[in-house]
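Okay, so here's the structure we're looking at.
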Amino acid sequence: MAVNKKISFELLLLFSSVAFLLTLVFSLQLLKQSFYCPDCDSYVNSVKLFITEFAVHEYRPIGLSFFYALPVFFKDNHSIFSALLLLTNVVLYVLMVQLFFKQLLLFFSRKTSFYISCLFISFIGISINITLMLSELPFLFLMVLAFYYLTKYFKTYTIRYLHLAVFIFLFSILIRPGIIFFVVLILLFFYKELLKSLLAKSFILIILVVFLLVFQMIAMKAKFGDYTFSYIGDVTYYNYLGSKAVCFKENKVLNQSTNSRATYIFSLDFTNQKKVATRDFLSQIQFNTKNLVAAYIDDIEENTKTGSSNLLILENKNQSIGFNLIVNIAKELSEWQNKLLTLFGLIFSVLLVVLHKKVPKIILFFCAYFFYVFLISGISSTQGDRFHVLFYPFVVLLIFYSVKHRNILFTATKLSAK
């Protein structure tokens with residue numbers, strides 16, 4: 001009987017996740033939308049460069065090539081490309097849901113884990129881009145997988161799980177380079193365990209991913225002139241946070257379509273883009289500190305209050321009755337999911353860090369990851385929930401963990417207050 005129950009939960013999640021995706025795709029007419037997605041184009045171009053020329057892209061590292069090589073190979077045939085892209089994203093999404101369920105099982109009962117997983121499936125900000133080629137879905141898949149192995153390590157202290165987790169965290173740099181400083185924290189925390197396990201068979205995984213990282217940097221140096229994973233961070237700062245700080249100083253409203261700073265930096269070669277952005281950042285820290293801080297806070301506030309930006313540009317291609325109502329409901333859900341999960345993430349992460357002596361280390365790593373993603377989102381704006389969706393599953397886990405252990409946490413809170 002237990003076996004049947006075990007099978008039923010996984011199957012129910014499989015059917016639920018696919019059904020939710022299909023509902024979104026058809027009710028929002030996602031396959032018929034034709035809006036321009038510049039980020040999608042840059043990701044496609046980066047994969048195409050790597051699989052056809054074994055070359056690197058200036059802004060997008062090689063990581064996505066390991067997920068989307070097959071769809072991009074058929075890029076010239078739009079129908080095949082779109083079908084393979086959708087299939088790849090659906091597989092990633094379904095696997096992520098299953099992995100999250102397995103992660104939850106390390107903390108909760110099967111029934112509770114199932115209900116939490118169903119809640120996770122309902123998050124529109126994660127699934128709305130299922131027809132697009134962006135980095136959020138592969139990256140979030142990797143984070144769920146990495147934290148699953150890290151949790152397994154803390155449960156068993158089997159070194160293989162730590163190696164797998166570190167391997168995935170390192171590889172994630174090749175998807176979204178902004179995660180690099182969090183990965184450095186992971187390496188610093190576990191450096192003793194890693195040094196002691198250099199001869200373990202599973203350590204070969206870390207050697208392989210380090211080779212990929214070194215390849216990325218050497219290829220960037222050879223092609224563009226700098227040992228770096230990407231120039232995207234420099235351009236993002238300059239065009240968004242830096243530009244908004246200048247606008248605040250001049251009492252203007254930032255508009256990317258008329259942003260002269262963006263025009264200027266894109267007119268430079270990539271090495272000079274990096275130099276100009278670095279000089280601008282140091283200058284604004286020194287001479288425009290107040291406005292830089294205000295712009296940073298404004299970015300975080302905006303990224304917290306907004307939902308999925310793609311919902312704002314959907315068109316009723318089929319002229320369906322009720323389409324606008326469905327879109328408006330999706331917008332409201334997306335916005336409130338972002339607001340509430342960010343708020344709860346802040347509340348429970350602060351609470352759990354304050355009570356760190358009563359909390360398992362892995363829970364503190366979830367808190368650290370939340371703070372990292374939340375704080376780094378301030379570098380950019382007008383992105384909707386694209387940053388914050390990356391911490392959604394872990395915030396949900398923190399909420400239910402805190403509820404489950406509320407008596408212990410409440411007692412610890414009273415003791416610390418005395």
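Residue numbers start at 1 and run along the sequence shown.
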Near-ring test Phe370/Phe348, centroid separation under 6.0 angstrom: no
Lys317 charged N/C atom sitting above Phe323 aromatic ring, 6.0 Å / 45°: no
Leu198 atom CG: more than 12 heavy-atom contacts under 6.0 Å: yes
Nearest non-hydrogen partners of Gln98 and Leu14, listed with the distance: NE2-N, 3.5 Å
Heavy-atom donor-acceptor pair, Lys75 side chain to Val44 backbone, under 3.5 Å: no
Donor-acceptor side-chain pairing of Asn303 and Gln383 below 3.5 angstrom: no
Flag side-chain contact, heavy atom, 4.5 Å: Gln337 against Ser122: yes
Worked check of side chain to side chain contact (heavy atoms under 4.5 Å, CB included) between Phe147 and Leu150: CA-CA 5 Å; Phe147 276 114; Leu150 195 60; 4.2 Å; yes
Aromatic plane relationship, Phe182 with Tyr372 - under 30° parallel, 30 to 60° tilted, over 60° perpendicular: tilted
Any side-chain heavy-atom pair of Val235 and Phe266 under 4.5 Å: yes
Heavy-atom donor-acceptor pair, Ser349 side chain to Gly345 backbone, under 3.5 Å: yes
Side chain proximity check, Ser117 to Phe9, heavy atoms < 4.5 angstrom: no
Ring center gap for Phe66 and Phe171 short of 6.0 angstrom: yes
Intermediate values then yes/no, side chain to side chain donor-acceptor pair (under 3.5 Å), Ser135 and Tyr43: CA-CA 8 Å; Ser135 64; Tyr43 284 123; 3.0 Å; yes
Over all atoms of both residues, closest heavy-atom pair of Glu302 and Lys244: OE1-NZ, 3.5 Å
Phe387 six-ring face occupied by Arg176 cation (under 6.0 Å, within 45°): yes
Side-chain heavy-atom pair Tyr392, Val373 within 4.5 angstrom cut-off: no
Check: Gly384 main-chain N/O paired with Ser308 side-chain donor or acceptor under 3.5 Å: no
Given Phe169, Phe190, Tyr149, the one that forms ring pair (Phe, Tyr, Trp, His ring centres under 6.0 Å) with Phe365: Phe190
Flag for Asn129-Asn310: side-chain donor and acceptor within less than 3.5 Å: yes
Geometric class of the Phe120/Phe100 ring pair [parallel <30°, tilted 30-60°, perpendicular >60°]: tilted
Any donor-acceptor N/O pair, Glu58 side chain to Tyr231 backbone, under 3.5 Å: no
Under 3.5 Å: donor-acceptor pair, side chain of Thr304, backbone of Lys339: no
Crowding at NZ, Lys275 (>12 non-hydrogen neighbours, <6.0 Å): no
Asn259 and Gln256: side chain donor to acceptor below 3.5 Å: yes
Polar side chain donor-acceptor pair, Glu332 to Asn328, under 3.5 angstrom: no
Any donor-acceptor pair under 3.5 Å from Asn338 side chain to Thr306 backbone: yes
Check against side chain to side chain contact (heavy atoms under 4.5 Å, CB included), His163 and Leu194: CA-CA 8 Å; His163 289 166; Leu194 293 173; 3.9 Å; yes
Plane angle bin for Phe374 and His388 - parallel if under 30°, tilted between 30 and 60°, otherwise perpendicular: tilted
Exercise: do Ser334 and Asp385 side chains pair donor with acceptor under 3.5 Å: yes
Lys102 NZ: over 12 foreign heavy atoms closer than 6.0 Å: no
Leu104 side chain near Val396 side chain, heavy-atom distance below 4.5 Å: no
Aromatic ring pairing Phe67/Phe141, orientation class (parallel under 30°, perpendicular over 60°, tilted between): perpendicular
Nearest atoms (heavy-atom pairs only) where Leu311 meets Val327: O-CG1, 3.6 Å
Note: Asp226-Lys274 ion pair, threshold 4.0 Å (strictly below): no
Non-hydrogen side-chain atoms of Ile159 and Phe203 separated by less than 4.5 Å: no
Evaluation steps, side chain to side chain contact (heavy atoms under 4.5 Å, CB included), between Leu140 and Leu92: CA-CA 9 Å; Leu140 190 53; Leu92 279 174; over 6 Å; no
Full working for side chain to side chain contact (heavy atoms under 4.5 Å, CB included) between Ser377 and Ile300: CA-CA 6 Å; Ser377 71; Ile300 288 183; 4.1 Å; yes
Tyr161 ring center near Phe154 ring center (under 6.0 Å): no
Backbone of Leu132 reached by a side-chain donor or acceptor of Asn89 within 3.5 Å: yes
Heavy-atom donor-acceptor pair, Gln284 side chain to Gly242 backbone, under 3.5 Å: yes
Whether Phe270 and Tyr59 hold their rings parallel, tilted or perpendicular, with breakpoints at 30° and 60°: perpendicular
Student check: side-chain heavy atoms of Leu314 and Leu30 closer than 4.5 Å: yes
Exercise: identify the closest heavy-atom pair between Pro71 and Phe81: O-CD1, 3.0 Å
Thr278 vs Phe281 side-chain heavy atoms within contact, under 4.5 Å: no
Other residues, nucleotides, ligands: >12 heavy atoms within 6.0 Å of Tyr227 OH: no
Electrostatic pair Arg60:Asp39 at N-O distance under 4.0 angstrom: yes
